[in-house]
Amino acid sequence: MFTLLDSPDDVIAIHVAGHIAGADIDKVMDRLEAMMARHDKVHVFVETHAIDGIEIAGLPAYFKRALPLFGKLSHFGRVAVVADQSWVRVATRVESALLPHISYRTFEPEQRDAAFAWVAGNAV
């Protein structure tokens, strides 16, 4: 399940927990596309908790919407991922290596506030 969190207008902030469904992905993609229309750079904050699966039936629709984003990679700024599962942090580091022009950082749950401040551009 995805929950959109309050954030600055140029930051999409999402809490992800449990099972990920296609409708959740659509909601996030709608918000992301609207933000990209308003801002040169969009920053991403993702907080995950106990992810236990993804709805396979929703993946084709997700890929159809996500593929055009590869042409807009320059619109992504900072990406902060706060994860309680090590595999999520590792997957984020792999994604970061594949997309070196986007600034990724991973955080443990106790670093959540620092992660949000960093992605919002308020890091100390």
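Predicted model only: the values in this text are computed from it and were never measured. Side chains are part of it too, since the values below use all heavy atoms of this structure and drop only hydrogens, waters and symmetry mates.
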* Taking atom types as modelled and ignoring hydrogens, do the side chains of Asp9 and His39 form a donor-acceptor contact shorter than 3.5 angstrom? -> yes

* Structure fact -> In short, Asp84 meets Arg89 closest at the heavy-atom pair C-NH1, 3.8 Å

* **Over all atoms of both residues, closest heavy-atom pair of Lys27 and Phe2** => NZ-O, 3.4 Å

* To do: Can you see which heavy atom on Ala114 is nearest to which on Phe107, and at what distance?
  => C-CE2, 4.4 Å

* Count the heavy atoms of every other residue, nucleotide or ligand shown that sit under 6.0 Å from NE2 of His49, and state whether that count exceeds 12. => no

* Should Ile14 and Leu5 count as side-chain neighbours, where that means a heavy-atom distance under 4.5 Å? -> no

* To do: Give a yes or no on whether Ile51 and Met1 share a hydrophobic cluster (residues Ile, Leu, Val, Met, Phe, Trp, Tyr; joining criterion: side-chain heavy atoms under 4.5 Å apart).
  => no

* Would you please test Phe76 and Val44 for side chain to side chain contact (heavy atoms under 4.5 Å, CB included) and show each step? => CA-CA 8 Å; Phe76 288 95; Val44 180; 4.1 Å; yes

* Quick one: closest heavy-atom pair of Arg105 and Trp118, and the distance? => NH1-CD1, 3.3 Å

* Please tell me if the side chains of Val82 and Phe45 come closer than 4.5 Å, counting only heavy atoms from C-beta onward. => yes

* May I ask you to check whether over 12 heavy atoms, not counting those of Lys72, lie within 6.0 Å of atom NZ? => no

* Structure fact -> Here the pair of heavy atoms bringing Asp6 nearest to Ala13 is O-CB, 4.5 Å

* Close side-chain approach of Asp10 and Lys41, heavy atoms under 4.5 Å -> no

* Structure fact -> On a heavy-atom basis, the closest approach of Ile12 and Arg31 is CD1-CG, 3.5 Å

